[in-house]
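One structure is given here, and the rest of the page talks about it.
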Amino acid sequence: MKVLVVGSGGREHAMCWKVAQSPLVTALFAAPGNPGMAELAECIPWDGNVEQLAEWADQEGIELTLVGPEAPLVEGIADAFLARGLKIFGPVQKAAMIEGSKAFAKDLMARFGIPTARHRTFHDVLDALSYLETTGAPIVVKDSGLAAGKGVTVATTLQQAKQAAANILSGPEQAEIVIEEFLSGPEVTVLAVTDGVTIKPLLPSQDHKRLLDGDTGPMTGGMGAICPYPLAPGVLTEIVERVLQPLVEGLRAEGIVYKGVIYAGLMLTDEGPKVLEFNARFGDPECQAILPLLKTDLVELALAVVEGRLHELELTWHPLASACVVMAAPGYPDDPHKGLPLSLPRQPPEQVLYFQAGTRRGPDGLQTHGGRVLSVVGLGEDLKKALERAYAGVAAVKFEHALYRRDIGRKVVTNMA
Ligand code: AMP
Ligand code: GLY
């Protein structure tokens, strides 16, 4: 079977790595891919136009497409492929709105009774500022549209909150913000696959969103992940029943059949799990930590989703833990340095995987070409061992001035000790 993976980040490298292991695959393509993916797949130049990619896939006879990032999903890549009768793993545009608009997602959660922070939506700066006067801080201000994980301000002062609201709402005319109640507790990511009827959760994981150790510094797309995150007994079932089922069933009742991955970012508050955000795809870097633990063939899984037979498939897992450490270019997230040299060991250390993201091939080897450059994943019989291996993997990379967190997974390991 000819398979296409769409995207060019660490998440998509991990997806390619997993897809390439499937005996069902006869040819693997990536659009646009990256140098790491090029070792596994034929990379096709692509500028982001979803219609053109659908046309190419149709001509090439691509039999299954898996989509990594949110932008093409929100652009309607699934609709474009389905219109040509092509199989695609990823939700249609209307369903991808759970990520494309935070205001839309918050309205859905209210309609379907899904636990989340209380919120208000604003388009007008003055309205938002006077509302903030009534809430005070701490308070959370979110850009409603796609912002690569960087559109959220957790404001500790009223001044900060007002600044964030004014910054977004003084932008494009259609700008929209969500102002929501500040929640506290550990964060967890629960991904699930669904064919619009059956829902199967993947192993819970935890991202690290802040740039610096101790959860300080600016928000990023994610600096590292661990899997599985040790949820208390019953919590995963609670999340499936109170969050994922109402979402999928509620959408279906409104005529939207969700097929693909649902990402629920949750805060485990004293009042139970509450949704911080929904995404319409695998998390990055959660995906890099989760897929190496999945025993089930990802191509079989994607086909079961696309063909509405997910109830037939049982997900199986390796009894291991994993840890992913993201190495970013100096200057990330605001202004990452491009063109810095880096090199990976010819033979990765034991139980270490390298997934490339913002890299390109220069005349003398790999160079940085984006913010998050590399995901280093360690596997082990427990999280402590997985972390040791991940950091051994980091130490084996030659990449001067790389930014990475030294404390991935530390809270969980400390709590387990
Ligand atoms: P989001 O993109 O909505 O998940 O927000 C990014 C990050 O901001 C989350 O991972 C949390 O760390 C933080 N965050 C979002 N919403 C809240 C909230 N209501 N209370 C506290 N922190 C939040
Ligand atoms: N790691 C956060 C995200 O993928 O949105």
Side-chain angles (χ1 to χ4, degrees), residues 7 9-12 14-15 67-71 73-74 96 98-106 109 115-121 135 137-156 160-161 164 168 177-191 202 204-212 214-227 229 261-271 273-291 324-326 328 333 355 357 371-372 375 405 408 411:
R11 166 183 49 210
E12 291 78 23
M15 289 166 73
V67 185
E70 57 277 18
L73 291 168
V74 172
I98 63 164
E99 173 161 10
S101 162
K102 286 196 192 276
F104 172 85
K106 293 295 281 192
M109 287 188 252
T116 184
R118 282 188 295 274
H119 84 289
R120 293 268 304 268
T121 299
T135 67
I139 188 88
V140 181
V141 178
K142 301 184 173 185
D143 189 335
S144 182
L146 291 184
K150 297 161 207 158
V152 174
T153 301
V154 180
T156 49
Q160 248 184 332
I168 302 166
I177 60 170
V178 166
I179 297 179
E180 69 176 36
E181 164 196 21
F182 171 81
L183 300 176
S184 61
E187 278 187 61
V188 59
T189 302
V190 174
L191 301 180
L202 308 183
S205 59
Q206 187 175 52
D207 187 9
H208 297 63
K209 307 247 180 192
R210 301 272 185 172
L211 182 69
L212 304 173
D215 294 323
T216 58
M219 286 286 179
T220 69
M223 294 300 292
I226 55 166
C227 181
Y229 178 82
V261 179
I262 297 175
Y263 173 122
L266 302 132
M267 189 87 87
L268 304 174
T269 73
D270 292 342
E271 297 167 358
K274 292 193 180 181
V275 175
L276 297 177
E277 64 168 342
F278 283 125
N279 294 324
R281 41 142 184 107
F282 285 119
D284 184 341
E286 289 94 329
C287 180
Q288 294 90 303
I290 295 171
L291 286 187
C324 169
V325 178
V326 169
F355 296 123
R372 293 188 292 173
S375 291
R405 282 182 57 163
I408 300 300
K411 268 193 207 147

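Just so you know, ligand 1 is whichever comes first in the structure, and atom 1 is the first atom listed for that ligand.
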- Message: Pairs of nitrogen or oxygen atoms closer than 3.5 Å, one from Glu277 and one from ligand 2: do any exist?
- Response: no
**Asked** Would you find a donor on one side and an acceptor on the other, under 3.5 Å apart, between the side chain of Asn279 and the backbone of Arg281?
**Response** no
Next on the checklist: Checking the side chain of Ser144 only, and the main-chain atoms of Lys102 only, is there a donor and an acceptor separated by less than 3.5 Å?
Outcome noted: yes
If we number the atoms of ligand 2 from 1 as shown, the ones under 4.0 Å from a heavy atom of Asp207 are 1 (N), 2 (C)
Hey, does Lys209 sit under 4.0 Å from ligand 2 if you only count heavy atoms?
-> yes
Numbered in order shown, the ligand 1 atoms found under 4.0 Å of a heavy atom of Lys142 are 3 (O), 15 (C), 16 (N)
Notebook entry, point to check: Would you say Thr269's side chain and Glu271's backbone share a donor-acceptor pair under 3.5 angstrom?
Noted result: yes
Here the pair of heavy atoms bringing Ile290 nearest to Cys227 is CG1-SG, 3.8 Å
A student checking ligand 2 against Gly283 at a 4.0 Å heavy-atom cut-off should list atoms 4 (O)
### Message
So is Met267 touching ligand 1 or not, going by heavy atoms under 4.0 Å?
### Response
yes
Closest heavy-atom pair, Val190 versus Pro204, reported as atoms and distance to 0.1 Å, is CG2-CB, 4.5 Å
Here the atoms of ligand 1 under 4.0 Å from any heavy atom belonging to Leu276 are 3 (O), 9 (C), 11 (C), 16 (N), 17 (C), 18 (C)
Exercise. Tell me, please: is Gly221 in heavy-atom contact with ligand 2, that is, under 4.0 Å?
Key: yes
For Pro285, the atoms of ligand 2 under 4.0 Å from one of its heavy atoms are 1 (N)
Atoms of ligand 1 under 4.0 Å from any heavy atom of Glu180, numbered from 1 in the order shown, are 16 (N), 17 (C), 18 (C), 19 (N)
Polar contact flag for Arg11 and ligand 2 (N/O pairs, less than 3.5 Å)
no
For Asn279, the atoms of ligand 2 under 4.0 Å from one of its heavy atoms are 5 (O)
Next on the checklist: If I apply the N/O under 3.5 Å rule, does Glu286 come out as touching ligand 2?
Outcome noted: yes
Could you walk me through whether Leu73 and Glu99 satisfy the side chain to side chain contact (heavy atoms under 4.5 Å, CB included) test, starting with their C-alpha distance in whole Å, then the side-chain angles of each, then the deciding distance to 0.1 Å, before giving a yes or no? CA-CA 9 Å; Leu73 291 168; Glu99 173 161 10; 5.9 Å; no
Per side chain to side chain donor-acceptor pair (under 3.5 Å), Asp215 is matched among Arg210, Lys411, His208 by Lys411
If we number the atoms of ligand 2 from 1 as shown, the ones under 4.0 Å from a heavy atom of Arg281 are 3 (C), 4 (O), 5 (O)
Test side chain to side chain donor-acceptor pair (under 3.5 Å), reference Thr116, set Glu277, Glu180, Lys106, Glu181, output is Lys106
Within the 4.0 Å heavy-atom cut-off, what Leu183 brings close to ligand 1 is both
Under 4.0 Å from one or more heavy atoms of Lys209, ligand 1 contributes atoms 10 (O)
For Lys102, the ligand 1 atoms with a heavy-atom partner under 4.0 Å come out as 1 (P), 2 (O), 3 (O)
Return yes if some donor-acceptor pair links the side-chain N/O of Arg405 with the main-chain N/O of Met223 below 3.5 Å, else return no.
no
Residues Asp207 and Gly221: closest non-hydrogen pair is OD2-O, 3.8 Å
Contact region, Val152 to ligand 1, non-hydrogen atoms below 4.0 Å, reads side chain
Tightest non-hydrogen contact, residues Ile262 and Phe278, listed as CG2-CD2, 4.2 Å
Exercise. Can any side-chain N or O of Arg372 pair as donor or acceptor with the backbone N or O of Gly222 at less than 3.5 Å?
Worked result: yes
Counting heavy atoms under 4.0 Å, the part of Glu187 that contacts ligand 1 is side chain
